[in-house]
Amino acid sequence: MSEQPTAATAGGDTAGAIVAATDLRRRYGEGEAAVDALDGVTTAFERGGFAAIMGPSGSGKSTLMHLLAGLDRPTGGSVRLDGVELAGLDDGKLTQLRRDKLGFVFQFFNLLPVLTAEENIVLPLSIAGRKPDREWLEQLISIVGLGDRRDHRPAELSGGQQQRVAVARALVARPAVVFADEPTGNLDSRSSEEVLELLRRSVDEFGQTVVMVTHEAHAAAYADRLVVLRDGRVAHDGAAGDEGDVLELMKAVG
Amino acid sequence: MTAVALKGLAARKLRALSTILAVLLGVALVAGTYILTDTINRSFDDIFTTALEGTDVVVTPREVVSQEGSEPPPFSEALLARVERVPGVEKAEGGIFSLVRITDAKGEPLGQGFAPQFAVSAASAPFEALTYVEGRAPRTASEAALDESNAEQAGIAIGDRVGVVGEGPLKLFRVVGLNRLGDTSTGGSSTVTLTLPEAQRIAGKAGELDQIAIAAADGVSPDELERRVAAVLPPTVQAETGQQNAERLTDEIASDLGFLRTALLVFAGIALVVGGFQIFNTFSITVAQRVREFGLLRTLGASRGQVLRVVLLEALLIGLLGAALGLLAGFGFAAGINALFEASGIDLPNTGLVFETRTLIVSLALGIGVTLVAAVTPALRATRVSPMAALLAAALPERRRSGRVLLAVATLLGLGGLAMLLAGLFGGGSAGQAAGLMGAGSAAILFAASLLSPRLVRPLAAVAGWPLERLRGLTGRLARENAMRKPGRTAVTSAALMIGLALVVFVTVFAAGLNKSIASAIDTIFQNDITVQSTDGFSPIPSTIARDVAGVEGVGDVGSIRFSFAKVGDAAGQQRVAGVDPTTIGGVFDFEFVEGSDATLRELTPSAALVDDGYAESNGIAVGDTVALLTPTGERPRFEVIGTIDDQTDFLGSFVIDQAAMASDFGEERDTYVLVGVAPGADAAAVEQRVKRLVDDRYPSAEALDQEELKRSQEQQINGLLNLIYALLALAVVVSIFGIVNTLALSIHERTRELGMLRAVGMTRRQVRRMIRYEAVITALIGALLGTALGVLFAALISRPLADEGFELAYPVGTLLVILALAALAGVVAAIGPARRASRLDVLEALSYE
Ligand SMILES: Nc1ncnc2c1ncn2[C@@H]1O[C@H](COP(=O)(O)OP(=O)(O)OP(=O)(O)O)[C@@H](O)[C@H]1O
Ligand SMILES: [Mg+2]
């Protein structure tokens with residue numbers, strides 16, 4: 001990996017990373033109307049880190065996350081996830097990879113309304129036909145603070161509770177990486193804090209890797225590292241700092 | 001607004017298509033039924049008109065008592081001379097027209113068996129309606145002419161030999177001519193033409209005639225002549241003008257066909273009701289999915305009426321398309337059945353398919369009517385969408401009728417239905433009234449069950465889904481949960497299948513009971529070893545068979561049973577009367593006396609009768625009473641009741657009399673069953689072989705069966721009918737499968753984002769397909785379980801009053817399990833399309849789908 005020439009970004013060094021993108025490109029449409037949602041992104045996320053991705057609307061945050069998670073295919077460049085090159089995988093292999101190595105938290109509609117909170121949490125394991133590790137599951141449920149709500153259905157839970165269930169679901173299979181796309185975008189500040197606190201704890205206590213897309217400086221401050229995108233390119237990559245640092249940085253970049 | 005409706009349809013092509021199919025199939029059966037029966041009626045009209053072209057007045061026996069499947073008795077030849085003396089009669093000629101069986105030179109029956117075959121007497125000008133294509137009319141007792149199409153099919157040419165079995169053993173004739181009836185064919189029947197005396201002999205009508213054809217002298221009108229001839233006739237014989245006679249015969253055929261028509265229309269009605277369920281469901285779901293669209297229309301100033309019109313216009317278009325295409329399919333259906341008839345040797349005259357205006361009107365009205373009625377509730381719900389809905393994406397207001405009201409309505413409907421069903425069963429009205437009450441009662445119960453079924457969806461889904469969940473874990477679990485998610489929707493979808501399956505199960509259970517009852521009746525009452533009957537199982541056979549069989553070595557007791565009909569007093573309808581020879585019947589048949597004993601049989605003189613116990617009870621007849629019967633020959637003999645019997649499975653009918661009385665008073669001398677016992681000590685197998693050989697050689701219209709074969713032959717008759725009913729019910733089941741496809745496709749559409757999420761967290765395409773397949777299977781099984789329960793209930797209820805006649809209910813568990821398995825399979829088939837579509841969803845698009 002030493003032939004990696006760019007010195008431009010700290011994250012460009014992909015050695016020892018759990019997920020790495022090299023010169024990643026995603027173009028929508030063709031000809032005149034073509035949009036380069038990603039225009040050559042090289043970055044990497046190391047094991048056990050909590051990274052935030054920020055950037056103005058339309059800068060390519062979601063696109064980058066989808067490509068890293070194998071939900072979409074790049075038009076150029078490559079993604080390596082936990083030692084596996086994604087480019088060569090068919091739909092079945094990608095599905096299996098998502099199931100076994102990734103966890104997801106989305107902004108909306110995260111849970112299956114017909115299943116209870118607990119069933120939603122173990123969903124990735126059920127899909128794989130595996131039994132949950134009882135001890136780990138109990139620990140998770142108590143961490144997310146849903147002990148007395150485990151048999152409730154999503155409709156009976158508040159938005160914050162639902163999102164905490166989603167976080168527990170993302171963690172249950174001990175995935176290589178948890179991807180979260182604006183997980184607090186839809187929550188009030190107290191619920192946001194709870195969810196962010198959870199993600200932080202998963203990194204600190206269990207060595208989980210988390211990559212989170214967010215709009216809020218307050219949320220990004222929970223992360224160790226901050227990647228800022230602009231027009232499909234990496235505009236900044238470095239330590240996240242506190243909320244003030246993030247706001248300042250965004251002003252400088254924006 | 002019209003443009004909105006049209007665009008709405010176009011945007012949902014697939015949905016529109018399967019909704020159209022729901023209407024199409026039912027309408028096709030309605031239109032096909034009318035076209036087919038109209039065509040058959042027209043054909044027979046042509047045949048009769050042609051046959052009576054040269055005849056001004058015709059004399060025939062009057063039908064005093066209508067006899068199922070039997071011709072009215074002939075009248076004496078002596079009448080001819082009386083008619084000839086009537087002033088104004090130019091010429092009169094006697095004729096014979098009798099059911100026979102035609103065979104080839106080896107005695108093998110020609111034709112397919114169910115097409116009737118007739119022996120007719122050759123007539124002279126101007127009465128002869130047959131024109132000779134080749135050769136000439138028969139002139140001697142050993143000559144015959146054959147109808148051209150029958151001869152062609154059998155490969156028989158002039159100079160070949162044909163056999164005819166009527167009232168007596170097979171006789172061979174030399175073919176001297178080939179003929180046809182005018183330009184038409186004979187409507188599937190085949191005829192052999194014989195000389196008059198030979199036709200009389202073959203038909204067992206020596207000295208008797210079936211009709212007299214009369215030509216009027218110049219200057220005498222047919223009407224005038226008809227009046228003059230009628231004046232000299234006895235009351236049991238009637239005179240009609242040729243035209244009147246042709247019209248009457250056509251009307252008779254039409255009323256016979258009326259039953260077929262009604263039966264087919266009932267099945268079409270079932271398919272339409274099931275289609276209506278599906279239309280209701282589809283519109284309910286689409287309206288729910290278009291809340292925003294309607295809200296937007298309202299925001300833009302559309303009135304409630306306009307929204308209503310958008311939805312109803314869409315329904316109108318679907319109904320119109322469905323009805324129009326159904327009409328076309330109806331033509332195809334009628335043409336197909338026609339082709340089927342031709343393939344089996346019943347070629348209907350090529351008058352072409354008859355398309356009456358009534359067919360057009362009824363088909364369109366039904367197709368459009370059903371669609372509009374089914375769509376009206378969903379359409380009204382669409383009008384309740386407030387303009388705010390567009391902005392808030394609010395859900396549609398829930399159904400206003402509270403659960404309790406619905407429950408009450410369903411309970412009332414169900415109880416009312418049950419009451420009607422019971423009234424039909426035990427009320428003792430006429431057969432038509434009873435059938436009407438029972439039909440309406442069953443329909444009400446089915447509707448009540450449909451209304452209640454949303455409450456049953458949860459428990460039934462739990463039952464049906466349990467094995468899937470056990471075996472397949474998560475996919476089974478999710479399938480079950482998804483099926484229970486909108487209980488109303490699942491209920492309507494499965495209720496459609498329930499209706500079809502309830503009827504399938506009902507006829508299955510009923511037929512199984514019938515088979516079982518007949519088998520056990522044969523075991524208990526048939527004391528004989530071999531039974532000789534017509535190859536069709538019910539027609540009379542020559543009476544010489546009993547005599548011939550009695551002469552076979554090793555044969556012991558031989559008894560025969562013959563049947564006729566009689567009217568009793570002023571009572572409507574006619575009663576079946578059995579004729580036996582009391583000196584021989586006791587050895588081969590067990591009468592199960594209620595009052596009296598086997599000794600009573602010895603008192604069965606020509607003026608005595610045994611009466612069916614149930615009939616006696618409901619008509620207040622007791623032993624020692626005298627009953628007066630009106631017979632087909634117009635006689636009014638009186639019989640003293642000497643005993644009552646328990647007539648199992650209504651085999652004998654209401655009365656049993658002596659065969660001597662049956663011959664003299666009813667004019668019936670042909671047997672229907674000959675019961676043969678093997679003499680003690682004789683080798684049963686060898687005797688059976690000998691009897692079979694005799695019957696095969698000399699009486700091709702009959703067959704000799706041992707007890708097991710007899711049971712099987714009865715079973716075959718019932719199963720044949722059963723298969724026909726299955727085929728007709730299949731239509732309703734197919735419509736309900738389309739319903740599952742539609743509901744599934746719409747539900748999946750609603751769950752797009754959920755599917756995206758499942759795929760994102762690692763569900764494979766295969767698992768997605770499986771999940772949807774199971775949902776369809778569960779929906780189908782809910783319908784199947786409800787349908788089976790109701791079908792069994794109907795069979796149990798309706799067979800109650802038949803228990804007196806020895807009806808034993810049987811539960812064909814194996815068949816019922818097969819039906820359940822087939823229903824599950826139907827679910828699998830219904831899921832193919834929707835499952836494929838769902839598994840191919842693009843994950844990202846699905847996730848961002850609104
Ligand atoms: N399916 C698509 N087809 C065409 N263009 C797309 C598609 N998805 C995204 N884009 C375009 O790609 C660019 C990046 O989109 P992306 O969703 O990654 O932005 P984002 O940073 O996540 O924005 P936001 O903060 O609003 O979520 C945008 O210009 C967007 O319009
Ligand atoms: Mg985004």
Side-chain angles (χ1 to χ4, degrees), chain A residues 26 28 37 62-63 65-67 69-73 90-116 119-132 153-155 162 166 168-173 175 178-181, chain B residues 393 395 457-458 461-462 465 468-487 489-490 747-748 750-772 774-775 778 838-850:
Chain A
R26 179 65 165 98
Y28 289 108
S62 295
T63 306
M65 212 193 79
H66 293 152
L67 291 174
L71 286 168
D72 193 10
R73 291 181 188 276
D90 63 12
D91 180 82
K93 286 265 161 39
L94 277 178
T95 304
Q96 203 179 344
L97 178 111
R98 288 199 298 270
R99 195 181 74 191
D100 297 339
K101 299 206 161 162
L102 301 179
F104 289 95
V105 184
F106 303 104
Q107 182 177 357
F108 300 108
F109 207 82
N110 258 316
L111 306 177
L112 277 192
V114 293
L115 297 183
T116 64
E119 287 168 333
N120 263 295
I121 291 174
V122 299
L123 186 62
L125 297 174
S126 307
I127 289 175
R130 294 208 306 260
K131 284 256 166 300
R153 302 218 174 190
Q162 287 185 36
R169 184 190 67 201
L171 295 172
V172 74
V178 169
F179 288 108
D181 194 351
Chain B
V457 161
R458 283 196 151 265
L468 292 173
E469 205 172 331
R470 278 287 113 137
L471 286 170
R472 292 306 198 166
L474 182 74
T475 45
R477 168 80 208 275
L478 288 177
R480 178 168 70 80
E481 293 286 353
N482 286 335
M484 306 193 312
R485 208 148 156 183
K486 297 264 165 72
R489 188 184 291 183
T490 306
S747 303
I748 288 168
E750 280 176 6
R751 283 186 232 137
T752 303
R753 273 171 77 155
E754 210 174 300
L755 284 168
M757 193 271 285
L758 279 167
R759 293 275 289 127
V761 302
M763 186 173 265
T764 61
R765 291 191 166 158
R766 219 187 137 121
Q767 283 175 310
V768 169
R769 278 199 299 269
R770 195 187 291 156
M771 177 175 79
I772 286 160
Y774 291 168
E775 185 179 342
I778 290 171
S839 73
R840 294 209 177 143
L841 278 179
D842 181 89
V843 179
L844 281 181
E845 266 174 37
L847 277 173
S848 58
Y849 181 85
E850 286 191 57

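Here is how names work: the chains are called A, B, and so on, in the same order as the sequence lines, proteins then strands, and each is numbered from 1.
Of the listed residues (L71(A), D91(A), L123(A), D72(A)), the greatest number of heavy-atom pairs within a distance under 4.5 Å of chain B belongs to D91(A). In terms of heavy-atom pairs under 4.5 Å with chain A, the best-connected choice from Q767(B), R751(B), R477(B) is R477(B). Per-residue heavy-atom pair counts under 4.5 Å with chain A were compared for L474(B), L478(B), T475(B), T764(B), and the maximum is reached by L474(B).
A donor-acceptor pair under 3.5 Å is formed between the side chain of N120(A) and the backbone N or O of L115(A). Of the possible polar contacts, one joining the R765(B) side chain to the S839(B) backbone as a donor-acceptor pair under 3.5 Å is found.
If you measure heavy-atom distances from V761(B) to chain A, the contacts under 4.5 Å come from both the backbone and the side chain. In this structure, no portion of D100(A) lies under 4.5 Å from any heavy atom of chain B. Of the atoms belonging to L102(A), not a single heavy atom falls under 4.5 Å from chain B.
Between the side chains of S747(B) and E750(B), no donor-acceptor pair of N or O atoms lies under 3.5 Å.
Judged as a salt bridge (Lys or Arg N to Asp or Glu O under 4.0 Å), and not counting sequence neighbours, R169(A) has no contacts. In this structure, R770(B) has no salt bridge (Lys or Arg N to Asp or Glu O under 4.0 Å) partners at least two apart in sequence or on a different chain.
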